[in-house]
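See below for the structure under consideration.
It should be emphasised that the depicted structure is a prediction, and the values quoted were computed from it without experimental measurement.
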Amino acid sequence: MTDANLTHVEAQARTRALELSAYYLHLDLSQAPTEEAGYTVTSRVDFTTTDAEVFLDYLGESVQSVAINGEAVEPDFDGGRIYLHDLPTGNPLSVEVTGTSLYSRTGQGLHRMRDNADGQTYVYSHLEPSDARRIFACFDQPDLKAIVNVTMTAPEGWTVLSNQPAISTAGTTTTFAPTPRLSTYLTSFAAGPYVSKQRTWNAPDGSLSSELRAFARASMEEYLDDEILDITARGMDFFHENYGFPYPWGKYDSIFVPEYNLGAMENPGLVTFTEKYLFRSKATRSQHAGRTNTILHEMSHMWFGDLVTPRWWDDLWLKESFAEFMGADASVEATPYTEAWTNFAGQRKNWAYSQDQLPTTHPIKAEIPDVDAARQNFDGITYAKGASVLKQLVHYVGRDNFYAGARDYFKAHAFDAATFGDLLTALRSHTDRDLDAWAHAWLRTWGPDTLTPRVEANTLIIEATADDKLRPHRIDVTLFDADLNPYSTLDVDVNGARTEVPITGEPALVLLNDNDHTYAKVRFDKTSLATLRASLSSIDNELSRAVAWTALWNLTRDGEWPVEDYLATVLAHAPAEQNPTLLTTAFANAAYAAGHYTPEAMRDEIRAKYADDVWALLKAAEAGSDTQLVLARAAIGALAATPEKAGTERLRYLLGGGVAGVELDPDIRWAVLTALSARDAVTAEELEEEKRRDNTLTGAAAYLGARYATPDAATKREVFDLLREPGRWSNAEVDALLSAFNAPRSGALTEPFAQEFFEVLGQIWEDHPIEIANRLVRGLYPELPMALEATDAFIANGKVPGALRRVLLEVQDAVRRALEVQGRQG
């Protein structure tokens with residue numbers, strides 16, 4: 001792992017010294033289908049400087065030449081930076097670098113893969129936050145924007161894509177239109193025999209049109225469904241109307257790629273999505289809603305993030321929190337998936353609450369000393385907590401005022417970089433609210449407040465506690481009768497540690513933060529808990545149910561409600577849940593609780609009962625329904641973990657088509673076969689046959705996960721060693737192998753590697769790119785008591801990189817929490 005970790009101090013110095021004009025890039029990908037590890041890139045940057053000594057960022061394999069204003073100089077390249085000396089100051093400069101860059105298998109830089117379905121080769125880029133330097137020499141920081149001119153040479157017949165439309169082709173070299181001013185991390189490239197669907201979007205007011213295209217590799221063409229472009233067009237309508245700034249990037253391409261590190265990336269004009277959004281197996285409404293949210297999230301970035309970019313990564317939330325908010329808001333306003341805020345309350349906020357209770361929690365507006373720290377802050381606070389807080393801000397200033405301020409922000413800072421202060425300035429023209437006080441209370445503090453109700457006579461007492469500083473909350477409090485009919489909703493300002501509110505009647509359920517207006521963990525009094533345990537599914541409003549489900553999960557993971565009560569509530573009430581996102585989240589949480597929060601002495605018994613109960617629910621579910629599909633997925637996981645022999649028999653029954661309505665599509669088949677492998681109940685021949693049946697990249701990764709899930713010591717040894725081979729595996733293959741290493745009921749087999757993990761930990765971090773190293777540390781970390789002390793010792797014994805220290809503290813905390821919760825059971 002390179003030490004070329006750009007610091008904020010260094011970035012600020014370059015900002016003061018440099019004024020960029022344009023990049024001219026040429027990527028020669030003509031040998032991409034061969035075994036060549038690298039490709040030639042020529043990068044020219046035109047700029048002026050007030051500093052005679054500056055450096056370019058470059059993580060290429062080698063530098064062949066450097067020329068300044070056309071005159072060759074000896075390259076001063078250390079593997080991460082190209083140092084430029086004795087530059088003339090105050091005058092236009094042109095620096096041209098020719099280098100050899102390496103294809104990636106980690107999803108960073110220019111990722112190359114070969115499709116085993118047809119032998120074709122594909123490449124695509126991912127550059128956030130600081131991986132443009134893996135492709136071309138540049139000043140790789142968000143505020144140094146420039147016009148980007150791109151040419152690419154590729155094999156004949158390939159589709160070649162970048163941020164702007166192609167304007168000419170000469171032989172196998174394509175020239176693209178110059179971009180508007182753009183940050184380096186937003187440049188985008190793709191090449192290969194991609195196929196596409198397309199349609200033309202016309203603005204409702206007739207002022208603008210744009211070509212919308214969706215791309216995939218040839219073997220996935222049949223899964224490019226029409227909904228993708230329909231949602232894209234709906235989003236363009238919504239943002240055109242509400243943002244008041246015409247779409248600024250010309251074309252709008254969406255490309256779906258395999259082996260991707262994350263869900264999507266907002267490259268203007270060429271948005272990248274994980275191929276998991278191409279549904280090759282049956283998908284629930286929840287999955288379609290999630291894809292819709294992501295499409296609209298990325299589209300929002302065309303303005304929040306691309307048109308106006310944060311100056312530095314301490315304002316990362318300024319684009320990601322807004323896009324998270326906009327994904328839900330646009331879903332509700334512009335698509336059939338009007339349940340988006342329910343999904344947010346019942347799923348995404350779980351991520352925020354858990355992240356915000358880690359020892360590495362941070363304010364929404366965090367201090368980011370360098371780009372490695374920035375990479376770690378793409379987390380639940382930056383996304384989900386930030387969006388929760390923005391939802392409050394919109395409620396606080398009014399939706400129309402919020403959008404009016406956003407429109408002013410875009411106009412004032414178009415194609416430039418800005419700060420949150422700039423956004424507040426734009427908003428102040430549209431509200432008399434005290435935005436500075438709001439920002440200090442919510443953006444500069446950390447940890448969730450906890451709100452607990454208590455009923456005394458005709459008074460509701462709300463007690464508030466906080467790990468940092470208490471914040472003001474304006475919440476809806478709904479009182480329900482014994483039949484769970486709401487009979488009163490109160491608008492309550494919670495200020496300080498104790499708030500008293502007069503109420504009528506004797507509520508069977510007091511639901512704080514109904515309608516999910518604030519960000520806080522909410523608790524229940526004893527009467528309310530008993531009511532939810534007996535009748536949660538009787539609550540009519542799905543957003544109210546989402547708030548209740550999330551609150552119950554927080555109680556459970558905090559060790560304040562017995563795991564068996566949570567499991568029983570899920571089994572009793574989740575199957576009646578009409579919202580598939582809430583259903584999916586409840587069963588995912590239940591499976592985690594059964595495996596991590598139950599004491600070891602009780603675990604087998606609880607897992608066996610849980611598997612029996614989920615199987616019974618699956619057998620009773622409506623054939624072909626979303627509920628049945630969610631239960632089938634939950635049952636496979638539960639049956640993999642149960643100690644009972646019936647687990648194997650039921651998995652075989654499911655694989656044989658015994659449960660009417662459950663389609664044996666590739667995802668289900670691989671899930672069942674992997675579960676059987678984890679139970680040592682599948683043959684090598686069966687797995688090879690399934691691999692031949694599913695001759696895809698996804699199938700190949702799934703095969704690895706199934707093949708190495710076998711519960712024997714020799715296989716665990718093999719996987720542990722294979723995973724540590726630098727450069728051998730793609731990120732998708734690493735994920736599959738880690739899943740196999742940690743397959744259900746593998747605890748006793750992985751324990752012998754606990755001490756060895758800490759012995760090789762430093763080498764793991766050193767040998768692998770940060771994305772892979774991050775996965776390996778999290779996936780191989782031993783979930784054992786000894787890991788707590790061993791982690792402290794490792795951190796204390798030497799200089800640990802900040803990014804690694806953060807990962808270790810987070811996985812250590814997960815183990816500590818699990819042990820504490822286990823200790824409170826029984």
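- Enclosure of atom CD in Glu564 is not indicated, since only 12 or fewer non-hydrogen atoms of other residues, nucleotides or ligands lie within 6.0 angstrom.
- Counting only N and O atoms by type, the side chains of Gln287 and Tyr277 include no donor and acceptor under 3.5 Å apart.
- The residues Arg817 and Asp558 are annotated as salt-bridged, a charged nitrogen and a carboxylate oxygen being separated by less than 4.0 angstrom.
- Under the 3.5 Å distance criterion, the side-chain polar atoms of Arg806 are matched with a main-chain donor or acceptor of Gln376.
- No donor-acceptor distance shorter than 3.5 angstrom exists from the side chain of Asp372 to the backbone of Ala803, with no hydrogens or angles considered.
- Thr294 contributes a side-chain N or O that, together with a main-chain N or O of Gly290, makes up a donor-acceptor pair within less than 3.5 Å.
- Contact annotation: the side chain of Asn261 never approaches that of Thr274 to less than 4.5 Å [non-hydrogen atoms, C-beta and beyond].
- For the pair Asn513 and Leu451, the minimum side-chain heavy-atom distance is 4.5 Å or more.
- With rounding to the nearest 0.5 angstrom, the CD1 atom of Ile381 is 8.0 Å from the CD1 atom of Ile364.
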From CA spacing to verdict: side chain to side chain contact (heavy atoms under 4.5 Å, CB included), Trp765, Val800:
CA-CA 10 Å; Trp765 195 259; Val800 178; over 6 Å; no
With ring pair (Phe, Tyr, Trp, His ring centres under 6.0 Å) as the test, would you mind laying out the steps for Tyr592 and Tyr597 before giving the verdict?
CA-CA 8 Å; Tyr592 189 87; Tyr597 293 158; 5.5 Å; yes
Verify side chain to side chain contact (heavy atoms under 4.5 Å, CB included) between Lys385 and Gln355, making sure each step is shown before the conclusion.
CA-CA 9 Å; Lys385 180 180 179 180; Gln355 187 85 45; over 6 Å; no
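- What you find for Pro711 and Arg679 is that their closest heavy atoms are CG-C, 4.3 Å.
- Side-chain atoms of His297 and Glu320 include a donor-acceptor pair closer than 3.5 Å.
- Arg375 and Asp131 are joined by a salt bridge, as a carboxylate oxygen and a charged side-chain nitrogen come within less than 4.0 angstrom of each other.
- Of the possible donor and acceptor atoms, one in the side chain of Ser677 sits under 3.5 Å from a partner among the backbone N and O of Ala706.
- Put simply, CG on Leu819 and CD on Glu600 are 10.5 Å apart, with the number rounded to the nearest 0.5 Å.
- No side-chain donor-acceptor contact under 3.5 Å links Ser746 to the backbone of Asn742.
- Heavy-atom neighbours of Lys282 NZ from other residues, nucleotides or ligands within 6.0 Å: above the threshold of 12.
- A 6.0 Å sphere centred on CD of Glu605 holds no more than 12 heavy atoms belonging to other residues, nucleotides or ligands.
- The CG atom of Leu723 sits 5.0 Å away from the CG atom of Leu737 when rounded to the nearest 0.5 Å.
- Side-chain contact of Thr642 with Glu644: a donor-acceptor pair under 3.5 Å is absent, judged by distance alone.
- Taking each heavy atom of Ile368 and Trp313 in turn, the nearest pair found is CG1-O, 3.5 Å.
- His362 and Asp379 form a side-chain donor-acceptor contact under 3.5 Å, judged by distance and modelled atom types alone.
- More than 12 heavy atoms of other residues, nucleotides or ligands sit less than 6.0 Å from atom CD of Glu725.
- The shortest side-chain heavy-atom distance between Phe758 and Met786 falls under the 4.5 Å cut-off.
- Between Ala593 and Trp553, the closest heavy-atom pair is CB-CZ3, 3.9 Å.
- Side chains of Gln347 and Asn343: a donor-acceptor N/O pair is absent below 3.5 angstrom, by distance only.
- Counting only heavy atoms from C-beta outward, the side chains of Leu749 and Asp712 never approach each other to under 4.5 Å.
- In this structure, Leu722 and Tyr708 have side chains that are in contact, with non-hydrogen atoms separated by less than 4.5 Å.
- Counting only distance, with no hydrogens or angles, the side chain of Glu733 and the backbone of Ser730 share a donor-acceptor pair below 3.5 Å.
- With hydrogens and angles ignored, the 3.5 Å screen pairs no side-chain donor or acceptor of Trp317 with any backbone N or O of Ala366.
- Here the side chains of Leu761 and Leu804 are in contact, with some heavy-atom distance below 4.5 Å.
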Hey, mind stepping through Leu555 and Leu529 against side chain to side chain contact (heavy atoms under 4.5 Å, CB included) and telling me if it holds?
CA-CA 10 Å; Leu555 273 171; Leu529 261 181; 3.9 Å; yes
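- The pair Asp694-Arg669 does not count as a salt bridge, with every side-chain nitrogen at least 4.0 angstrom from each carboxylate oxygen.
- Relative ring orientation between Phe378 and Tyr383 is described as tilted, the plane-to-plane angle lying within the 30° to 60° band.
- When all heavy atoms are compared, the tightest approach of Pro744 to Ala641 is CB-CA, 3.9 Å.
- At a threshold of 4.0 Å, the pair Asp665-Arg280 does not count as salt-bridged, since none of the basic side-chain nitrogens sits closer than that to a carboxylate oxygen.
- Atom CZ of Arg724 has more than 12 neighbouring heavy atoms from other residues, nucleotides or ligands inside a 6.0 Å radius.
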Phe753 vs Phe741, ring pair (Phe, Tyr, Trp, His ring centres under 6.0 Å): CA-CA, chis, key distance, verdict:
CA-CA 11 Å; Phe753 298 94; Phe741 185 77; 5.7 Å; yes
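- Other residues, nucleotides and ligands contribute at most 12 non-hydrogen atoms within 6.0 Å of the CD atom of Glu367.
- Distance alone, capped at 3.5 Å, is enough to place a donor-acceptor pair between the Arg652 side chain and the Ala681 backbone.
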Assess the residue pair Arg778 and Glu810 against the criterion (salt bridge (charged side-chain N to carboxylate O under 4.0 Å, His left out)); give the C-alpha distance rounded to whole Å, side-chain angles, the decisive distance to 0.1 Å, and a yes or no.
CA-CA 9 Å; Arg778 292 182 187 276; Glu810 291 183 354; 2.8 Å; yes
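- Between the side chain of Tyr781 and the backbone N or O of Ala787 there is at least one donor-acceptor pair closer than 3.5 Å.
- Taken to the nearest 0.5 Å, the CG atom of Asp667 stands 10.0 Å off from the CD1 atom of Ile636.
- Side-chain polar atoms of Asp467 and Gln357 form no donor-acceptor pair below 3.5 angstrom.
- Within the 4.5 Å cutoff, no side-chain heavy atoms of Leu262 are placed close to those of Glu771.
- Heavy atoms only, all atoms of each residue included: Glu275 and Pro258 are closest at OE1-CB, 3.5 Å.
- Side-chain N or O atoms of Ser528 include none that pairs as donor or acceptor with a backbone N or O of Phe524 at under 3.5 Å.
- Going from atom CD of Glu259 over to atom OG of Ser104 covers 9.5 Å, rounded to the nearest 0.5 Å.
- Between Arg745 and Asp604 there is a salt bridge, since a side-chain N of the basic residue sits under 4.0 Å from a carboxylate O of the acidic one.
- Looking at every heavy atom in both residues, Ala732 comes nearest to Ala701 through O-CB, 4.4 Å.
- Between Leu583 and Thr627 the shortest side-chain heavy-atom distance falls below 4.5 Å.
- Between Glu820 and Arg824 there is no salt bridge, since no side-chain nitrogen of the basic residue lies less than 4.0 Å from a carboxylate oxygen of the acidic one.
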Using side chain to side chain contact (heavy atoms under 4.5 Å, CB included), reason through His126 and Thr106 one step at a time and then give a plain yes or no.
CA-CA 10 Å; His126 177 69; Thr106 66; over 6 Å; no
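- For the residue pair Thr696/Thr698, the side-chain donor-acceptor check at 3.5 Å is not satisfied.
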